[in-house]
Amino acid sequence: MAKMSLTFDGFKELTEAIDRAGNDIQQAVTEALDETSKIVQQEVTSASAVYAGSGKKGYATGAMYRAIKDAGDVSWKGKVAEVEVGFELRAGGSKGYHSIFLMYGTPKIPKDSKLYNAVFGSKTKNQIHEKQEEVMAQYLKL
């Protein structure tokens, strides 16, 4: 499981402009982080699908695949918002822990770059960046 944030150049100025326009900045940030989690969920689902019926010991059951976090669980702690993405590590035993070994590798198993990049890769980060800016800009226009 990883946590995603909302940061880009000009963020402070944009939030001030949204506030001046009379729009709810908390709603804008929540929507942007919700979209972020959807992007990561889609990428992780795609990268994990190969393990659902692979026949590899421990992964053929699809337990890791079922441990993918649902999109849109944005939580607020004061003025800080966060969204958890990736895998639910403690869901029903050790389902999500398989993802850690695949994403980072072990002494005997090489790192699964596709799975790692689904969360931390530049393609995913670029998609997230574009979507977050798009959502925030929509709130400027409202």
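Hydrogens, waters and symmetry mates are skipped; everything else that's a heavy atom, side chains included, is used.
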Test of understanding: with ring pair (Phe, Tyr, Trp, His ring centres under 6.0 Å), list the residues that count as partners of Y116, not counting sequence neighbours. Y104, F120
Only counting residues at least two apart or in another chain, list the ones meeting side chain to side chain donor-acceptor pair (under 3.5 Å) with T124. none
Residues which pass salt bridge (Lys or Arg N to Asp or Glu O under 4.0 Å) with K131, listed by chain and number, not counting sequence neighbours: E134
Using a 4.5 Å cut-off on heavy atoms from C-beta on, say whether the side chain of M136 contacts that of V29. yes
Any pair with a residue in residues 119-129 that passes salt bridge (charged side-chain N to carboxylate O under 4.0 Å, His left out), sequence neighbours left out, goes on the list, sorted by first then second residue, please. E43-K123
If only atom types and distance count, is the side chain of S46 paired as donor or acceptor with the main-chain N or O of Q42 below 3.5 Å? no
Taking salt bridge (Lys or Arg N to Asp or Glu O under 4.0 Å) as the definition, give me every residue that meets it alongside D24, ordered by chain and number, with sequence neighbours left out. none
I want to check something: taking the side chain as every heavy atom from C-beta on, are V44 and F87 in contact at a cut-off of under 4.5 Å? yes
Heavy-atom side-chain proximity of V74 to E82 below 4.5 angstrom: no
Sorted by chain and number, sequence neighbours left out, side chain to side chain donor-acceptor pair (under 3.5 Å) with E31 holds for Y139
Would you say that V83 contacts D34 through its side chain, given a criterion of any heavy-atom pair below 4.5 Å between the two side chains? no
Determine whether I68 and Q41 make a side-chain contact, defined as any pair of heavy atoms from C-beta on separated by less than 4.5 Å. yes
